[in-house]
Amino acid sequence: MSAVLQTAPLLAPMQAGEIDAVLAIEQQAYPFPWTRANFTDSLAAGYSAWCCRIEGELVGYAVMMLVLDEAHLLNVTVAPDWQRRGYGLLIMGHLFDVARGHGARRMFLEVRPSNAPGQGLYQRLGFGMIGRRRGYYPAGEGREDAVVMALTL
Ligand SMILES: CC(C)(COP(=O)(O)OP(=O)(O)OC[C@H]1O[C@@H](n2cnc3c(N)ncnc32)[C@H](O)[C@@H]1OP(=O)(O)O)[C@@H](O)C(=O)NCCC(=O)NCCS
């Protein structure tokens, strides 16, 4: 069970001025983190990008692409110190609301087969595996496949 959220979190659109703080978490959270350019390009492209703060502290963020009736989750991250307290579910719930509000009917994502927390979160939310992309991710030795998952919103 996730612990009860103790302080009201605030979800707001990601601003360019927040990218330094986002990158600091990104680099702690992933062996192959997104670069600054990945975030600046996402904002420039108008992707749906959100920051979650508790009393001003950045605890997580997400980036999603909305195209017609499809949403594609590109990044969802909770800072290591804040993980397993329900914020991943909270951020995903917010993305579902935003996606539905834009007329999206399905959400897609890729996740590493080795990423147990990511897969656990998505399975808990009802995502199902719909395919696999061979050699999608960089890995320590060679490449790692991606599991492709989808959810009807
Ligand atoms: C994946 C991630 C966003 C989950 O965020 P979180 O705030 O820790 O998740 P929550 O506390 O909301 O957990 C919700 C559910 O997800 C699943 N889950 C979360 N962490 C898990 C873990 N380490 N192992 C297995 N399942 C896990 C559980 O079902 C959990 O429910 P429970 O706590 O009642 O068992 C977080 O671990 C993270 O940022 N990881 C690094 C970045 C990453 O891999 N992002 C996903 C890329 S595809």
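Counting from 1, the numbers follow the sequence of the chain as shown. Numbering of ligands and ligand atoms starts at 1, following listing order.
- Looking at Gln119, its side chain never comes within 3.5 Å of a backbone N or O of Ala116 through a donor-acceptor pair.
- With Glu26, Arg124, Gln123, Arg84 as candidates, the residue nearest to atom 35 (O) of ligand 1 on a non-hydrogen basis is Arg84.
- For the residue pair Glu26/Asn75, the side-chain donor-acceptor check at 3.5 Å is satisfied.
- Between Val76 and ligand 1, at least one pair of N/O atoms sits closer than 3.5 Å.
- Residue Trp82 places no N or O, backbone or side chain, under 3.5 Å from any N or O of ligand 1.
- Residue Thr77 places no N or O, backbone or side chain, under 3.5 Å from any N or O of ligand 1.
- The backbone N or O of Gly135 sits less than 3.5 Å from a side-chain atom of Asp145, completing a donor-acceptor pair.
- Of all atoms in ligand 1, listed by their number and element, those nearer than 4.0 Å to a heavy atom of Gly86 are 10 (P), 11 (O), 12 (O).
- Between Gly88 and ligand 1, at least one pair of N/O atoms sits closer than 3.5 Å.
- For the atom pair Met14 CE and Leu43 CG, the distance stands at 6.5 Å (nearest 0.5 Å).
- Of the listed options Ile91, Leu125, Val78, Val78 places a heavy atom closest to atom 5 (O) of ligand 1.
- Here the closest non-hydrogen pair linking Ile25 and Ala79 is CG2-CA, 3.6 Å.
- Checking Asn115, Leu90, Leu74, Leu73 against atom 44 (O) of ligand 1, the nearest heavy atom belongs to Asn115.
- Looking at His102, its side chain does come within 3.5 Å of a backbone N or O of Val98 through a donor-acceptor pair.
- In terms of N/O distances under 3.5 Å, ligand 1 is not approached by Gly118.
- Salt-bridge check for Asp20 with Arg36: passed, with a basic side-chain N closer than 4.0 Å to an acidic carboxylate O.
- The residue from Arg85, Gln28, Glu110, Gln83 that puts a heavy atom closest to atom 36 (C) of ligand 1 is Gln83.
- The ligand atoms of ligand 1 that sit less than 4.0 angstrom from a heavy atom of Leu89 are 12 (O), 14 (C).
- Here CZ of Phe32 is found 6.0 Å from CZ of Arg112. Values are rounded to the nearest 0.5 Å.
- Here is the list of ligand 1 atoms found below 4.0 Å of a heavy atom in Tyr122: 46 (C), 47 (C), 48 (S).
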